[in-house]
Undergrad: 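The structure that follows is given in the form of structure tokens.
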Amino acid sequence: MIEDKWPQHAYTAAARDIAPALLGRYLVHKIGEKILAGRIVETEAYGGMYRRQPDDGSHAFRGLTSRTEPMFWAGGWSYVYLIYGRYCCMNIVTGSKGDAQAVLIRAVEPVSGLDEMLKNRGVSSLCKNLTNGPGKLCQALNIDLRQNKLDLCGDELYVIEPNNARRICTCRSTRINIDYAVKGKYFPWRFYIKGNPYVSRF
DNA sequence: AGCTCGATGTCT
DNA sequence: GACATCGAGCTA
């Protein structure tokens with residue numbers, strides 16, 4: 001795999017623009033010599049404004065807290081949080097310092113380290129169930145709270161351009177499981193690759 | 001210190 | 001459709 005890592009300036013745009021741009025790129029978790037990687041097929045943008053409405057679906061909506069601290073950093077850091085006491089979700093912070101925007105990685109297609117992913121997920125053979133959800137992909141790629149607040153320009157967790165990028169059709173929809181967000185539930189900020197079997201829901 | 005709940009996944 | 005499981009965030 002030729003590494004063509006996204007540099008810091010690739011993360012300075014708004015989450016709503018970077019979320020679709022991440023589709024088709026590879027998310028890489030390097031553990032020592034082991035490479036676990038997945039092709040990003042589904043994302044959601046959080047934070048910022050849509051039609052002059054602030055995003056009440058964002059963790060950062062009510063301001064800076066200890067959990068959401070990395071969301072307020074400049075683009076190019078990881079924000080990993082624990083959900084329901086059992087799973088983790090991985091976000092890529094975007095924008096400028098103080099913007100509090102991030103892109104949730106909701107699904108990937110396994111690319112590298114298949115055996116390791118199967119083991120991490122407790123699954124016996126390659127199937128879409130391996131990485132078709134934000135908690136599942138973190139488990140497969142061995143991403144947990146230890147990977148919170150990592151510099152994506154470092155050498156452990158990062159995004160690369162695949163050298164044989166396929167042409168994709170992008171679909172968009174409202175985001176999953178944010179009914180609590182009075183305004184944000186209507187923002188069309190979920191993006192996914194049309195027809196890809198690893199997308200979490202259609 | 002106590003209480004509530006969640007950007008989910010798994011099993012029934 | 002029930003429920004596991006735990007840290008953050010809020011109230012006091």
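A, B, ... follow the sequence lines: proteins, then strands. Residue 1 opens every chain. Every heavy atom of this structure was used, including side-chain atoms; hydrogens, water molecules and symmetry mates were not.
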Undergrad: Rounded to the nearest Å, what distance is computed from the CG atom of residue A:N148 to the P atom of nucleotide C:dG7?
TA: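 After rounding, the reported distance stands at 14 Å.
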Undergrad: Go through the structure and list residues passing ring pair (Phe, Tyr, Trp, His ring centres under 6.0 Å) with A:Y81, not counting sequence neighbours.
TA: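 Scan of A:Y81 (ring pair (Phe, Tyr, Trp, His ring centres under 6.0 Å), adjacent residues dropped) gives A:H59, A:Y79.
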Undergrad: Report which part of the nucleic acid A:L104 touches: base, sugar-phosphate, or nothing (heavy-atom distance under 4.0 Å, all strands).
TA: base
Undergrad: Under a 3.5 Å threshold, yes or no: a donor from one side chain and an acceptor from the other, between A:S78 and A:Q147?
TA: no
Undergrad: Considering heavy-atom distances to DNA chain C, does A:T68 or A:Y84 have its closest nucleotide positioned more toward the 5' end?
TA: A:Y84
Undergrad: If we ignore angles and hydrogens, is there a donor and acceptor under 3.5 Å between the side chains of A:E116 and A:N142?
TA: no
Undergrad: For B:dG2, give its Watson-Crick or G-U wobble partner with both distances under 3.5 Å, or none.
TA: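 The base-pairing partner of B:dG2, which may sit in any strand shown, is C:dC10.
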Undergrad: Select base, sugar-phosphate, or nothing to describe what A:G85 touches, counting heavy atoms under 4.0 Å on all strands.
TA: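 If one applies the 4.0 Å heavy-atom cut-off, A:G85 turns out to touch a base.
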Undergrad: With a 4.0 Å cut-off on heavy atoms, is A:R121 in touch with a base, just the backbone sugar-phosphate, or nothing at all?
TA: sugar-phosphate
Undergrad: Rounded to the nearest angstrom, tell me the gap between atom CZ in A:R67 and atom C1' in C:dC10.
TA: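 After rounding, the gap between these two atoms is 13 Å.
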Undergrad: Does A:R86 place a side-chain N or O at less than 4.0 Å from the phosphate oxygens OP1/OP2 of C:dT5?
TA: yes
Undergrad: Taking any atom under 4.0 angstrom from a heavy atom of chain A, which nucleotides of DNA chain B are the first and last to qualify, 5' to 3'?
TA: B:dG6 to B:dT10
Undergrad: A:Y11 and A:W6: aromatic ring centres closer than 6.0 Å?
TA: yes
Undergrad: Side chain to side chain contact (heavy atoms under 4.5 Å, CB included) with A:K136: which of A:L141, A:T131, A:N129, A:L130?
TA: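 Going through the options one by one, the only one that passes is A:N129.
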Undergrad: What about A:Y46 and A:I105, same hydrophobic cluster or not, with Ile/Leu/Val/Met/Phe/Trp/Tyr joined at side-chain heavy-atom distances under 4.5 Å?
TA: no
Undergrad: For C:dA4, give its Watson-Crick or G-U wobble partner with both distances under 3.5 Å, or none.
TA: B:dT8
Undergrad: Tell me: CD of A:E69 to P of C:dG9, nearest whole Å?
TA: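 These atoms are roughly 11 Å apart.
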